[in-house]
Student: 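This is the structure I have questions about; it appears just below.
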Amino acid sequence: MADETQAHSTAVDIAHILNEIGDMLEIKGESSFKTRAYRRAADALLNLPADLTEVWRAGRLKDIPGVGDAIAGKIDELMRTGKLAFHERLIAEVPPGLIAMTRIPEVGPRTALTLYQKLGVTGLGDLEAAAREGRVRTVPGLGAKMEQRIILGIETLRRASDRLPIGTVLPVVRELLAMLRATVPDITHIEVAGSLRRRQPTIGDIDILVTAAHPLSVVQAFAALPQAAEIISEGDTKGSIRLRNGMRVDLMVLEPTRYGSLLQHFTGSRQHNIDLRNYALHRGYMINEYGLTPVDREHQATGETILCATEAEVYGTLGLPLIPPEIREASGEIEAAIAGTLPNLVTVDDLRGDLHLHSDWSDGVKTIEQMARAAADLGYKYANLTDHSASLFVANGLTIARVRQQTEIIKQLNAQFQAEGLNFRLLHGCEMEIKLDGSLDYPDEVLAELDVVVASVHVGLRQPREQVTARMVGAMRNPNVDIIAHPSGRLLGQREPADLDFEQVIATAAETGTCLEINGSPDRLDLDPQYVRWGVQAGVMFTIDSDAHHPDAYRLDAELGVAMARRGWAEPRHILNTRPLDELLAYIDEANKRKIKLTNRLSSTEKRIKRNGWRRSGIDALQQGGPPPAPTPALSACDGH
DNA sequence: GCCGTTTTCGGCCCGACTGTTTTCAGTCG
């Protein structure tokens, strides 16, 4: 008999299905409001600031904005059975290849349906053949030009890389901005907008906004950039190019007096803008990219358009504080702005140190001293050396003897720093491998000698959910483990995250005080912001670390790590390494004591089980030895919000 | 399909661009 509370789908799976339903209904010609409702619900699931399984179990699906009776019923069916009859019926009606066809630029749902009905094409391959044979132009409403665009579009689709990690895109864009600024002296503002400004982990295309006295010269300089592999369009105030890596860059040049409205408009997200405009209408304003216009109930203009030179003026005119770009995802930020409860998001300047970095003792490329001095040069007050542990042979993991050698070197270095009057301390930690069976590389007495122990999983990432989760939770309960590094193990665009039960990981972090790392390494960005937000609400303490293997990585990694934390609504109080060193060490000490207490409680439960002749393995006993404790606020720092 | 400081029914964000047209539907951001 199946457990009725067992979830058979994740929020991501369900969002995908709801989006597909939206696509298929649109192709079928359903009302755009209905299709939008499905997509809106999908967005809401992806940005849900809580665990969907918990919301579902609590019977509160309809509390999710955009989820009403019908969609709640469908989510419930997916959670219970992993399938949805409505979805399967739609697939039978609308060939899935039609959805792929709508990915071609200029081909939307209506065109896809027309092509299916008139030519019988059911996918990209069919369509390309039809276009090359000149059959597309025979369809009423489509012409030779459209036929050509379809051929080009399919070619582009094949060539274009998928979304790229933000860490790859950001340096490229900064170079573009610098070149434009250098080439066109009269540029007054230049900034990226879109998903890049919101700091999404991966980026699809790039929007650049410029104000300048002579827009044409900016567009011309833009089209002439050496990075442009193709010029898509070039107008008086707008231009689009494609870079060699396939990425599209759109440029818009505007008057300085309207800069705030344009920046707001092109930063999005789409759903945030929709919600903001809705709110604006209730306040008697119509918003577009040019400004705010007072309107009556029928949306007829009743006054002059208000020009906004800054985004703060856009939000301010509506009586709202400025909402930081990173949280403009239609996940409660407008409500929080209205209520005056927007978070005071963490910034790069709040970081006082870095708790995860490598030297040439394992797989880094610089000496311990070089890594330490570079951290001090950035203004950090402390850094934690975390070379890999013994079992990670590929990274030249340290034997216990080498760990002890490091201890001596670090002692000498700190003495030297003190003698120089440098206000900086190098901590001695390690990146402890959580092995396949959940055990750790070094015995407890060695771990106890280290200042801050970071534990992580590099092997067995493909283990079944229960197994990989149990390894991680087991490590978190070890009093000597202080931080779980890059928890999911994902590599953006290269490796899928481990199938962790984050509900359990986050609850354990909140219960034990073990920190979860927000790893700013560009190919990781792990923890993903959605889990940061859950953690923030559950009272988890986080760290933001670089995982630097070279001093050059510190700055960008810290920036990206902070960006992910901000997307997760994290404030300085949620981030351990915003604290002075003595407070940081005190927190770790307190968490360790708490874990010893917890362990004692659990082992007494285990004894009771033994007494009753009912034996279980260690990890099982930890997980099942008693009712799961309610998540408690993590120590002194997290008062919840 | 969702939702309520305008509503339990009748609304639902806004504008630019473009190709194929004689006034606009479809697509995109």
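Chain naming here is simple, since letters A, B, ... match the order of the sequence lines and numbering starts at 1 in each.
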Student: Indicate yes or no: does A/Arg328 engage A/Glu311 in a salt bridge with an N to O separation below 4.0 Å.
Tutor: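 A/Glu311 and A/Arg328: salt-bridged.
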
Student: Under a 3.5 Å threshold, yes or no: a donor from one side chain and an acceptor from the other, between A/Gln200 and A/Arg163?
Tutor: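 A pair is found: one side chain offers a donor N or O, the other an acceptor, under 3.5 Å apart.
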
Student: For nucleotides B/dG11 and B/dT6, find the distance between their P atoms and express it as a whole number of Å.
Tutor: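 So the two P atoms sit 14 Å from each other.
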
Student: So, A/Tyr315 versus A/Gln264: side-chain donor-acceptor pair below 3.5 Å or not?
Tutor: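 Their side chains do contain a donor-acceptor pair, which is all the 3.5 Å distance test asks for.
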
Student: Please give, in whole Å, the distance from B/dG1 C1' to A/Ile17 CD1?
Tutor: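 Atom CD1 in A/Ile17 sits about 18 Å away from atom C1' in B/dG1.
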
Student: Let me spell it out: for each of A/Ile71 and A/Asp275, pick the nucleotide of DNA chain B with the closest heavy atom. Which residue's pick is nearer the 5' end?
Tutor: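 On the 5' side of the pair lies A/Ile71.
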
Student: How about A/Trp56 and A/Asp76: does a side-chain donor come under 3.5 Å of a side-chain acceptor?
Tutor: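 A/Trp56 vs A/Asp76: donor-acceptor pair found between side chains.
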
Student: Rounded to whole angstrom units, what separation is found between the CG atom of A/Leu25 and the P atom of B/dC2?
Tutor: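 Atom CG in A/Leu25 sits about 12 Å away from atom P in B/dC2.
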
Student: With C1' as the reference atom in both, quote the distance from B/dT23 to B/dT18 in angstrom, rounded to an integer.
Tutor: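 Straight-line distance between the two C1' atoms is 14 Å.
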
Student: Will you find, in the side chains of A/Arg248 and A/Ser240, an N or O donor that is under 3.5 Å from an N or O acceptor?
Tutor: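 Their side chains do contain a donor-acceptor pair, which is all the 3.5 Å distance test asks for.
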
Student: Using atom P in both nucleotides, what's the gap between B/dT27 and B/dT21 to the nearest angstrom?
Tutor: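 Straight-line distance between the two P atoms is 15 Å.
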
Student: Heavy atoms under 4.0 Å is the rule here; annotate nucleotides 19-29 of chain B 5' to 3' with B where the base is hit, S where only the sugar-phosphate is, and - elsewhere.
Tutor: SSS----SSSB

Student: Would A/Ser521 and A/Asp523 count as having a side-chain donor-acceptor pair, cut-off 3.5 Å?
Tutor: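 Side chains of A/Ser521 and A/Asp523: pair found under 3.5 Å.
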
Student: With C1' as the reference atom in both, quote the distance from B/dT8 to B/dC12 in angstrom, rounded to an integer.
Tutor: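 Looking at atom C1' only, B/dT8 and B/dC12 are 15 Å apart.
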
Student: Sort me out a list of protein N/O and nucleotides 8-12 of chain B N/O pairs below 3.5 Å, or just none if empty.
Tutor:
none

Student: Assign each of A/Tyr290 and A/Phe86 to its nearest nucleotide of DNA chain B by heavy atoms, then name whichever residue's nucleotide is nearer the 5' end.
Tutor: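 So the residue in question is A/Phe86.
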
Student: Just the table, please: protein N/O against nucleotides 3-5 of chain B N/O, every pair under 3.5 Å.
Tutor:
residue: B/dC3; atom: OP1; partner: A/Gly66; partner atom: N; Å: 2.7

Student: Quantified in whole Å, what is the P atom distance between nucleotide B/dT20 and nucleotide B/dG26?
Tutor: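 Going atom to atom, P in each nucleotide, I get 14 Å.
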
Student: Counting Watson-Crick and G-U wobble pairs only, both distances under 3.5 Å, name the nucleotide matched with B/dC17, or none.
Tutor: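 Across any shown strand, B/dC17 pairs with B/dG26.
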
Student: Might you confirm whether atom CZ of A/Arg132 has over 12 heavy atoms from other residues, nucleotides or ligands at distances under 6.0 Å?
Tutor: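 Yes.
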
Student: Taking all heavy atoms of A/Pro201 and all of A/Met564, pick out the closest pair and write down the distance.
Tutor: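 Minimum heavy-atom separation between A/Pro201 and A/Met564: CG-SD, 3.8 Å.
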
Student: Using whole Å, report how far NE2 of A/His272 lies from C1' of B/dC14.
Tutor: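 Rounded to whole Å, this separation is 15 Å.
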
Student: Just the rounded figure in Å: distance from C1' of B/dG1 to CD1 of A/Ile21.
Tutor: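 After rounding, the gap between these two atoms is 11 Å.
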
Student: So do A/Tyr290 and A/His265 actually touch side chain to side chain, heavy atoms under 4.5 Å?
Tutor: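 In short, these two side chains do not touch, never coming nearer than 4.5 Å.
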
Student: Base, sugar-phosphate, or nothing: which does A/Leu281 touch, judged by heavy atoms less than 4.0 Å apart?
Tutor: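 Touches sugar-phosphate only.
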
Student: Between A/Ser331 and A/Arg533, does any side-chain donor sit less than 3.5 Å from a side-chain acceptor?
Tutor: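 Looking only at side-chain atoms, A/Arg533 and A/Ser331 do form a donor-acceptor pair, the distance falling under 3.5 Å.
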
Student: Is it the case that more than 12 heavy atoms not belonging to A/His87 sit under 6.0 Å from its NE2 atom?
Tutor: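 Correct, the count exceeds 12.
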
Student: I need the minimum non-hydrogen distance between A/Val219 and A/Lys238, along with the two atoms involved.
Tutor: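 Looking at all heavy atoms of both residues, the shortest contact is CG1-O, 3.6 Å.
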
